[in-house]
Amino acid sequence: GNIGEGAGQVEDYAVIILNQSVVSQNNGAWNSPSTWGCNCIPQIDDQITIKAGHTVNITPAMGLIQCAKIILEAGSIFNVTGTFRVNGSQ
């Protein structure tokens, strides 16, 4: 096309990536996808919920584990013997 038809124009787009909400579905290690409902490993900007009756473990071998927010439901267990940091203010 020619310029009169819009050829050569530049378009601007924004991509917004929202924090993922990651919820435990089983007992297990933080870095095991089978522990989480998303079948993924939680990332630094995710919101984490450990459900009642679930135990999630972080060990020193995992290195620094981080998330934006963590919610521990009554009756959940969160064992941290490694390094864990919450970075968010959400």
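Predicted model, so just to flag it, every value in this text is computed and none were measured.
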Next on the checklist: Less than 4.5 Å apart, side chain to side chain, heavy atoms only: is that true for I44 and C67?
Outcome noted: no
The reported gap from CD1 in I48 to OG in S21 (rounded to nearest 0.5 angstrom) is 7.5 Å
Hphob cluster co-occupancy, L72 + V86, side-chain heavy atoms under 4.5 angstrom
yes
Sorted by chain and number, sequence neighbours left out, side-chain hydrogen bond (donor to acceptor under 3.5 Å, both in side chains) with N79 holds for N57
Only one of D46, D45, N87 passes side chain to side chain donor-acceptor pair (under 3.5 Å) with Q66, and that residue is N87
Quiz item: Out of curiosity, does V22 fall in the hydrophobic cluster containing V80 (side-chain heavy atoms, cut-off under 4.5 Å, transitive links)?
Solution: yes
**Geometric class of the F78/F84 ring pair [parallel <30°, tilted 30-60°, perpendicular >60°]** = perpendicular
To the nearest 0.5 Å, atom CD1 of I65 lies from atom CD1 of I41 at 8.5 Å
Between the OG1 atom in T55 and the CG atom in N27, the distance rounded to the nearest 0.5 Å is 4.5 Å
For E73, the side-chain hydrogen bond (donor to acceptor under 3.5 Å, both in side chains) test, sequence neighbours excluded, returns K51
ring-ring contact (aromatic ring centres under 6.0 Å, His included) pairs touching residues 43-62, sequence neighbours excluded, are none
Applied to residues 27-66, the disulfide bond (SG atoms under 2.5 Å apart) test, sequence neighbours excluded, yields C38-C40
Keeping T81 on the side-chain end and I58 on the backbone end, is there a donor-acceptor pair under 3.5 Å? yes
Between the CD1 atom in I70 and the CZ atom in R85, the distance rounded to the nearest 0.5 Å is 14.5 Å
Residue pairs meeting side-chain hydrogen bond (donor to acceptor under 3.5 Å, both in side chains), one or both in residues 34-44, sequence neighbours left out, come to S32-S34
Here the salt bridge (Lys or Arg N to Asp or Glu O under 4.0 Å) pairs for residues 19-35, sequence neighbours left out, are none
Looking only at heavy atoms, the pair that brings A74 and A52 closest together is O-CB, 3.0 Å
